[in-house]
Amino acid sequence: FVLFVAFVILQQFVVRKGTKVLLRIQAKRLGGPCPSGASPKVRGHVDPGFEPMRESFQDLFNRNREVGAQIAVMWKGKLVVDLYAGEGLPNLAPWRYGSIDEESEHGYGTRLVRAVGEKAKYVFTSSDSILDKVKTLLGDCKSGSLGTCSAREEYVPMTGEMLIPLFSSSKVGESAVMAELERRGHLDLSEPIAKYWPEFAAGGGDSDELGKAHIKVSDLMRHQAGLVAPNSKLMIKDLADASAASSILEKQRPNWKFDRSNPDRQMYHPITRGLYASEICRRVDPKGRALGEFWREEVANKHNLQFYLGVNKEEWERSSVVKILNLPLLQLVKSIPQYIFGRLITREQRTRYLNAGNEFDTLLDFEAGIVAGFATKFLKGKGYLNFAAAGGVLGAVEKLNGIPSLNDPVLLSLPNLPSANGLANARSMAKLGHLILTGEVGGKNGMDVELPRIMDHGIGYDVSFTSAGYGHERFHVDGVHGWTGWAGIAGTILQWNAEKDLAFAYNTALPYGRVGKPRGIQLMKTLEKLV
């Protein structure tokens, strides 16, 4: 009881302070830049009839649940909502590829000038080198030490052109490539992976024992291949070498024997799905391109999308890239009493007593039950599912060990990491959703939903995927239905609704760490009332 009271008191302090204040406290204690305290005004345009979207978006900032974000909506082929607000922290790191140890001064150029020039706080002589300018701006530190120079960094106003890391919303582009490959006749999603990659079947041991020979491309894309966590962490230098990556991936042992009748077969592959999909793409594409390279040349460039799956040097230097922020650590305190008492009190009571009436911070019942689900797996002798889920996130790729790690241009530049390293703005995300919806990208390939929703042991609730890997009814637990696409851990959402002819995109620089995505869901529910 004493612990409960202590938690509730601390809870009130945390909730009433709001996200921005928490970030400022965190920055002061741990180091780092601070967002401004003012509630920004939403900018951009909405078509007549969609004005409530501006109000709903503004509400996120008024209630201190956002720092910098963008939203965009395509309806019947027209961009009817294009809004942005808040501020972003420019990513001034140099573009690098293939090694985490490389030191280079290239990659700053015009991006550096554009990011800070408007501030007019620094004056350079013509004799100053780029590296001298960087040292003046950021302090004399190693370019690879992301975040250590943050005291010299400054927030800039968010615009609609800025690019933000997408995390798992990148998977929509990944799935679009697989659908496009099938449309062009290079791939059949219903065929075994071994048809296109013979070494895959026997790699890691006897194929009959592991069942790898029977894993179809669609099983992989539906997160049912059992290849969640690699046997050992993949090194960046190996991922930068296509042949080395292929050799390592094909030797991976599944986390459990593949069996399409296994009710526990579905577990979200947060990182590895894209690694395997990229190698399949490289083998079936007549030009032998990695998935990110195919995406750039055959989708993004052709449709004028500022959406990258492995950004190259030229794209990095000409773009304004915003850093993803870290989780507001103090907000984690709010989850503790909710997890403990989630089964004992109602959601309304949690909102009222634990979160000072703020429903944004109240976990949905299924979220509060996820932790209990982890414990239940151990009790039922299925602890291997928990280890696979953890290894699939933290043990997959070198240096990919937390949300801010995807600010590293080395990770963002890899063309075979499309499950996580996308960069885009909301406009291009919504346009992509529309292109997929109309069949201009991927045709109607991979859009089938043959399987019913089944329990996904990585996400924590039941969900279904099309054969190309698009999530269907991802937010049915939130009361939002009829949408296809996916979302990212930071809160980003890319979804489309065929019945309403809508494509929706929400992009944010502030991770919230919620499976239920309450900020984006508020916007989607507002949109549903308008169309």
Side-chain angles (χ1 to χ4, degrees), residues 18-24 27 32-46 53-73 79 81-93 110-121 150 153-167 169 305-308 311 315-316 318-328 403-404 406-407 412 422-431 488 490-494 504-512 517 519-520 522-523:
T19 300
K20 283 191 176 182
V21 175
L22 297 183
L23 284 173
R24 294 176 69 83
C34 301
S36 64
S39 179
K41 294 298 182 183
V42 170
R43 291 167 290 133
H45 87 272
V46 294
M53 291 298 293
R54 181 189 295 273
E55 299 167 8
S56 185
F57 192 37
Q58 182 70 62
D59 181 64
L60 298 181
F61 291 89
N62 293 346
R63 295 210 275 178
N64 287 314
R65 292 305 178 266
E66 191 52 272
V67 172
Q70 310 160 334
I71 61 170
V73 175
L79 185 64
V81 176
D82 179 20
L83 299 173
Y84 40 91
E87 49 198 359
L89 193 62
N91 192 334
L92 304 180
T110 57
R111 288 187 59 252
L112 185 62
V113 176
R114 180 169 57 251
V116 300
E118 62 195 70
K119 299 288 184 179
K121 290 190 175 181
S150 56
E153 295 175 304
E154 293 189 42
Y155 282 82
V156 297
M158 179 68 70
T159 70
E161 293 80 18
M162 286 179 170
L163 308 180
I164 306 174
L166 300 181
F167 297 88
S169 288
L305 300 176
Q306 288 183 286
F307 192 132
Y308 307 114
V311 63
E315 294 159 347
W316 182 262
R318 71 170 183 242
S319 302
S320 296
V321 180
V322 175
K323 282 186 177 182
I324 196 76
L325 305 178
N326 208 338
L327 283 168
I403 288 177
L406 273 173
N407 290 321
L412 292 172
L423 272 177
N425 54 45
R427 293 171 184 164
S428 291
M429 293 167 68
K431 185 176 180 180
T492 59
I493 296 175
L494 172 45
F504 169 81
Y506 167 62
N507 210 0
T508 176
L510 176 68
Y512 221 58
K517 318 301 179 198
R519 297 173 299 177
Q522 170 175 306
L523 296 167

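FYI, the numbering just counts along the sequence from 1. Keep in mind that what you see is a predicted model, and the values were worked out from it rather than measured. Just so you know, these numbers use all the heavy atoms, side chains as well, and skip hydrogens, waters and symmetry mates.
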Between [atom1] of [X] and [atom2] of [Y], what distance do you get to the nearest 0.5 Å?
| X | Y | atom1 | atom2 | value |
| --- | --- | --- | --- | --- |
| Glu66 | Met158 | CD | CE | 8.0 Å |
| Leu423 | Ile324 | CG | CD1 | 10.0 Å |
| Leu89 | Glu154 | CG | CD | 9.5 Å |

Identify the heavy atoms of [X] and [Y] that sit nearest to each other, and give their distance.
| X | Y | value |
| --- | --- | --- |
| Ala69 | Tyr506 | CB-CE1, 4.1 Å |
| Asn507 | Ala424 | ND2-O, 2.9 Å |
| Val322 | Asn407 | O-OD1, 4.5 Å |

What residues, two or more places apart in sequence or in another chain, satisfy side-chain hydrogen bond (donor to acceptor under 3.5 Å, both in side chains) together with Asp82?
Arg427
Please report the C-alpha distance between Phe307 and Leu494 in whole Å, then the side-chain angles of each, then the deciding distance to 0.1 Å, and finally whether the side chain to side chain contact (heavy atoms under 4.5 Å, CB included) criterion is met.
CA-CA 12 Å; Phe307 192 132; Leu494 172 45; 4.2 Å; yes
Once ring pair (Phe, Tyr, Trp, His ring centres under 6.0 Å) is applied, do any residues pair with Phe167, and if so which ones, sequence neighbours excluded?
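Counting only residues at least two positions away or on another chain, Phe167 forms no ring pair (Phe, Tyr, Trp, His ring centres under 6.0 Å).
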Polar side-chain atom of [X] near backbone of [Y] as donor-acceptor pair, under 3.5 Å:
| X | Y | value |
| --- | --- | --- |
| Gln70 | Thr159 | yes |
| Arg54 | Gly44 | yes |
| Lys517 | Gly488 | yes |

Going by atom types only, do [X] and [Y] share a side-chain donor-acceptor pair under 3.5 Å?
| X | Y | answer |
| --- | --- | --- |
| Ser56 | Asp59 | no |
| Glu161 | Ser320 | no |
| Asn425 | Gln306 | yes |

Go through the structure and list residues passing salt bridge (charged side-chain N to carboxylate O under 4.0 Å, His left out) with Glu55, not counting sequence neighbours.
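So Glu55 forms no salt bridge (charged side-chain N to carboxylate O under 4.0 Å, His left out) with any residue.
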pair Phe504-Met53: side-chain heavy atoms closer than 4.5 Å:
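Heavy-atom side-chain distance check passes, below 4.5 Å.
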Can you tell if the side chain of Tyr308 reaches within under 4.5 Å of the side chain of Val321, non-hydrogen atoms only?
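Counting from C-beta outward, Tyr308 and Val321 never come under 4.5 Å.
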For [X], check side-chain contact (heavy atoms from CB on, under 4.5 Å) against everything at least two apart and list the hits.
| X | value |
| --- | --- |
| Ser169 | Leu166, Thr492 |
| Ala72 | Leu79, Ala426, Ala430 |
| Ala85 | Val42, Phe57, Phe61 |

Given Asn91 and Leu163, is the side chain to side chain contact (heavy atoms under 4.5 Å, CB included) satisfied, shown in steps?
CA-CA 10 Å; Asn91 192 334; Leu163 308 180; over 6 Å; no
Leu510 and Arg519: CA distance, side-chain angles, deciding distance, side chain to side chain contact (heavy atoms under 4.5 Å, CB included) verdict:
CA-CA 11 Å; Leu510 176 68; Arg519 297 173 299 177; 3.9 Å; yes
